[in-house]
Each structure stands twice: as structure tokens, then as C-alpha cells.
Novice: 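Below is a structure I'd like to ask you about.
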2 protein chains.
Amino acid sequence: MRKVSESTVKRLSRYYRVLRLLEKEGYVTVSSKELAKIEKLTPAQVRKDLSLFGSFGTRGLGYKVLELKEKIASILGLDKTWKVALIGVGNVGSALVSYKEFAKQGFLIKLLFDNDQRKIGKNHKGIIIKDVKDLVKELKESKIEMVIIAVPADQAQKVVDQVVKAGIRTILNFAPANIKVPDQVFLRTVNMAMELEHLSFALINQI
Amino acid sequence: MRKVSESTVKRLSRYYRVLRLLEKEGYVTVSSKELAKIEKLTPAQVRKDLSLFGSFGTRGLGYKVLELKEKIASILGLDKTWKVALIGVGNVGSALVSYKEFAKQGFLIKLLFDNDQRKIGKNHKGIIIKDVKDLVKELKESKIEMVIIAVPADQAQKVVDQVVKAGIRTILNFAPANIKVPDQVFLRTVNMAMELEHLSFALINQI
DNA sequence: AATTGTGAAATTGTTCACAGCA
DNA sequence: TGCTGTGAACAATTTCACAATT
């Protein structure tokens with residue numbers, strides 16, 4: 001496969017959402033022009049992105065909504081389910097457990113961990129919270145493929161180190177911390193404060 | 001000011017975090033080389049980013065940690081406080097109210113709204129939850145500068161329309177929905193499912 | 001006639017390399 | 001000497017423009 005940029009992957013996610021919507025509204029075909037309009041992009045951008053993975057359209061006609069949706073799902077790995085463990089059942093962690101969008105896209109939270117004795121052993125939305133002490137052992141025994149980190153910032157690196165030790169290669173981090181992982185591990189960090197900083201920058205600089 | 005790219009703003013946020021840390025650890029100066037090493041960038045990148053806003057360093061010496069931190073804070077608008085309203089006190093909304101990092105950076109959540117009669121009038125972490133029906137009126141009366149949307153996806157557009165109507169120009173959206181706003185309004189959407197999609201793409205394609 | 005897929009051109013973003021300064 | 005600030009070179013990404021196809 002040719003080089004796929006970070007931004008292309010993001011746009012694929014966006015196309016996927018639009019296609020789900022269009023499908024629900026009964027659209028059968030869609031052109032790059034229409035997709036571009038909805039996402040505020042150029043038609044050429046849409047076609048370039050898609051052409052990186054194959055020729056999904058029909059000249060003169062456009063793309064079949066259902067077919068393109070499924071192609072993108074397969075590219076993004078949304079045509080299978082992923083087993084996810086979540087570490088840190090605090091405010092953010094609890095919100096994520098209840099976040100419907102994850103399950104809808106095949107990300108199933110199967111294990112919960114915390115270090116709070118009052119939480120360990122309790123049933124949270126149908127899952128027994130385990131002790132983070134047993135993290136490595138439990139992750140190794142399970143078939144978990146992804147881990148979500150929702151622990152306080154000062155504990156995040158330590159927890160991530162253990163997750164990596166357990167052989168997990170994909171981590172989504174919500175702790176506002178500068179986490180280091182080996183090269184072969186994919187780590188993405190969502191920092192909500194940074195998003196607000198972006199807005200305050202925009203507001204100040206009156207873009 | 002010259003054109004400041006999206007990625008430059010993101011990197012400024014990252015530098016800011018590093019500088020806070022370095023300051024706490026007692027560092028007085030830092031070079032572009034050191035900053036670059038920590039953030040896995042090139043020294044030239046760091047210097048280019050900073051030079052967009054002025055000459056903050058000293059040749060032969062580097063940057064003064066405290067001074068650079070304050071310069072970046074001022075660029076990002078973190079040297080003042082912002083009054084924020086949060087709409088939707090569900091799982092995600094509650095987590096955001098408790099998110100310490102916001103207050104630390106001067107983003108103060110001053111108003112809460114919900115449409116659930118059982119929540120309206122209740123005190124949540126020191127703030128009385130108001131009826132979303134009064135959104136426009138309340139926002140106009142208040143000195144709110146930013147709004148965070150944490151309502152279900154199917155209500156998000158309607159709520160955003162009202163927020164815009166109330167004259168708010170910066171919105172951070174956590175609803176997994178394709179929101180449209182007029183050109184002069186800054187909207188950022190955090191879609192947590194998209195982040196996982198990025199990871200599953202990476203895992204499938206064994207980058 | 002409409003729209004894709006794609007090389008080529010234009011634009012944007014990053015790195016190099018070095019003059020200039022502490 | 002060491003490190004910044006920056007124009008020039010390079011690389012990546014986006015847009016253009018058009019042949020190919022239905």
C-alpha cells in the first residue's frame with residue numbers, strides 16, 4: 001500500500017460517518033462532489049483519499065453508498081470486533097464505559113481495572129472491576145487487543161509500561177501526560193485541555 | 001502574523017506542557033535541541049514554530065524556561081481565565097466538570113445545562129444545573145466565552161444552533177455528530193470513537 | 001453528460017545549513 | 001563556542017486538469 005497519511009485516516013473516519021448517515025437516509029449513490037461538500041473538502045481530495053485503497057467508484061456515476069461504507073469499514077478495521085480493556089474507572093473511565101459509540105463500531109470493553117479497593121470486585125455496567133495489580137497477568141490471559149488509559153496523569157506512565165509488558169500494541173490514552181512507549185506500540189493521546197487551548201488561540205487571534 | 005498552521009498550534013500546546021514540567025523540575029534554560037528531543041521533533045521545527053511569534057531565545061544559550069512558558073501561555077490565551085458553559089450533564093459532561101486540567105489552564109466551567117427535569121435545579125459540584133430551555137437567555141446574560149457540548153448526538157445540532165444564536169463563537173463538541181456552524185464560529189469536535197478507529201487502522205495495517 | 005482516477009502543478013509544511021549574536 | 005533565527009532546499013500534501021469510462 002502507498003503511504004497513507006495521518007490526515008487521510010482521519011478523513012476516512014469522517015467519510016465513514018457520512019456514509020452511515022446517507023445510508024440511513026436512503027441514498028444509493030454519492031459523488032465525490034457531494035461527499036466533499038458535506039465535509040468541506042475538495043472533490044479531488046475525496047477521490048485521492050479513496051484511490052489510495054482501490055477503485056471503488058464508477059465513472060459518470062459516483063460511489064455506491066453501501067459498498068463504499070463497507071470498503072472503508074474494512075480499511076479501518078470496523079468490520080470485526082475488538083476486545084478492549086479500560087484502566088481507571090473514575091470520571092473519565094466511567095463515561096467511556098457508557099459511551100455507546102464504541103460498541104456501535106465494534107470496540108467492546110471487556111475488562112475494567114482500578115487501584116481503588118472500594119471499586120475492585122464491584123460490578124460496573126456488567127463488568128467486575130479487577131485490581132490493577134493483576135494487570136499484566138489478566139491482560140496476558142485475555143484476548144485483549146487494545147487498552148484505554150483513564151488513570152490520573154501521574155500514574156499513567158507506570159500503567160502504560162505494564163500494558164506494554166503484557167504485549168499490548170495499541171493504546172488510547174486520556175491521561176494528560178507525556179507517555180513514552182517503544183516504537184512498535186501505537187499510542188494515541190486525547191488531551192481535552194489541548195482542544196480548549198486551540199479554541200482560545202483561535203479566539204484570541206480572531207482567525 | 002504569518003500563517004499559523006493547525007499543527008503549529010498543537011505543538012505549542014505540547015511545548016507548553018513540557019515547559020511547565022521543566023519549570024517544576026527547576027530548569028532555568030532549555031535549548032531547541034532539548035525540547036525537540038522530549039517531544040520527538042527536530043530542533044529546527046521547534047525554532048520555526050517559536051519564531052512565528054517572535055524571537056524568544058538567546059543565541060548560544062537557548063530559551064529561558066519561565067519566560068518561554070509565559071510567552072506561549074500568552075499566545076495560546078492561557079494567561080487569562082475563560083468562562084465556559086457546559087451543556088449536557090450526563091456521563092461525559094460529569095467527567096468534564098471534574099476534569100482538573102481545565103481549571104488548571106484557566107478554563108472555568110461557570111454554567112451547567114441539561115434537559116432532564118430530575119437534574120435541573122440540582123447542585124452539581126457547586127453549580128446549579130439550569131434548564132437547557134433557557135440556554136439562549138442565560139448565555140446572553142452571562143459572560144460566557146466558550147461552550148462545551150456533551151449532549152447526545154441527535155440533539156447536538158439543535159443545541160449548537162442555540163449556542164450560536166446566543167452569540168458564542170467558540171464551541172468544543174463531544175457529541176459524535178456532524179455539526180454545522182457559520183464560518184465565523186470556531187468548532188472543534190472530539191470524537192473518541194475516531195481515535196480508536198485510528199488505532200484499529202494502525203493495527204490492521206501493521207504500520 | 002457526468003464523474004472517476006491520476007499524473008502534474010501548486011501549495012504547504014519540514015528540515016537543512018549557515019550567518020549572526022551572546 | 002553554542003545556539004538562535006531564517007532563507008533556501010526539500011518533502012509531503014492538496015488541488016488542478018484531463019483522459020478514461022459509464
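Numbered from 1 within each chain, the chains take letters A, B, ... in sequence-line order.
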Novice: May I ask you to list the residues of residues 17-44 of chain B, by number, that have any heavy atom positioned under 4.0 Å from an atom of DNA chain D?
Specialist: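 Those residues whose heavy atoms fall under 4.0 Å from DNA chain D, taken from residues 17-44 of chain B in numerical order, are Ser31(B), Ser32(B).
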Novice: I need the residues from residues 60-73 of chain B with at least one non-hydrogen atom less than 4.0 Å from DNA chain D; give them sorted by number, or say none.
Specialist: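 Gly60(B), Leu61(B), Gly62(B), Tyr63(B) - these, ordered by number, are the residues of the stretch whose heavy atoms sit under 4.0 Å from the strand.
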Novice: With a 4.0 Å cut-off on N to O distance, would you call Glu6(B) and Arg188(B) a salt bridge?
Specialist: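 Yes, this pair counts.
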Novice: Looking at Lys80(B) and Glu145(B), is any side-chain nitrogen of the basic one under 4.0 Å from a carboxylate oxygen of the acidic one?
Specialist: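 Counted as a salt bridge, because a side-chain N and a carboxylate O are separated by less than 4.0 Å.
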Novice: My understanding is that only residues two or more places apart in sequence, or in another chain, count here; which of them pass side chain to side chain contact (heavy atoms under 4.5 Å, CB included) with Glu101(A)?
Specialist: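 Per chain and number, Glu101(A) pairs via side chain to side chain contact (heavy atoms under 4.5 Å, CB included) with Arg17(A), Arg20(A), Tyr99(A), Lys104(A), Gln105(A), Pro176(B), Ala193(B).
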Novice: Parallel, tilted or perpendicular: which fits the ring planes of Phe107(B) and Trp82(B), with parallel below 30° and perpendicular above 60°?
Specialist: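 Parallel: the ring planes of Phe107(B) and Trp82(B) meet at under 30°.
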Novice: Counting Watson-Crick and G-U wobble pairs whose two distances are both under 3.5 Å, find the runs of 3 or more in a row that involve DNA chain D.
Specialist: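 The stems that DNA chain D takes part in, listed by first number, are C:1-22 with D:1-22.
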Novice: Can you tell which of dT6(C), dA20(D), dA22(C) lies closest to the side chain of Ser51(A)?
Specialist: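 Taking heavy atoms from C-beta onward, the closest nucleotide is dT6(C).
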Novice: Just by modelled atom types, is the Val4(B) backbone N or O under 3.5 Å from a matching donor or acceptor in the Thr8(B) side chain?
Specialist: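 Not confirmed, Thr8(B) side chain does not pair with Val4(B) backbone.
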Novice: Ignoring backbone atoms, test whether Arg11(A) places a side-chain nitrogen or oxygen under 4.0 Å from the OP1 or OP2 oxygen of dT14(D).
Specialist: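 Yes, Arg11(A) has a side-chain N/O under 4.0 Å of OP1/OP2 on dT14(D).
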Novice: Any N or O donor-acceptor pair linking the side chain of Arg59(A) to the base of dT3(C) at under 3.5 Å?
Specialist: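 Result: no qualifying N/O pair found.
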Novice: Enter the distance from Leu196(A):CG to Leu203(A):CG here, rounded to the nearest 0.5 Å.
Specialist: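 If I round to the nearest 0.5 Å, the distance is 11.5 Å.
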Novice: Distances under 3.5 Å only, N/O to N/O: pair up the protein atoms with those of nucleotides 7-10 of chain C.
Specialist:
unit_1	atom_1	unit_2	atom_2	d
dG7(C)	O6	Lys48(A)	NZ	3.2
dA8(C)	N6	Lys48(A)	NZ	3.3

Novice: Can you list everything that forms a salt bridge (charged side-chain N to carboxylate O under 4.0 Å, His left out) with Lys119(B)? Sequence neighbours excluded, please.
Specialist: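 If we apply the salt bridge (charged side-chain N to carboxylate O under 4.0 Å, His left out) test to Lys119(B), skipping adjacent residues, the hits are Asp114(B).
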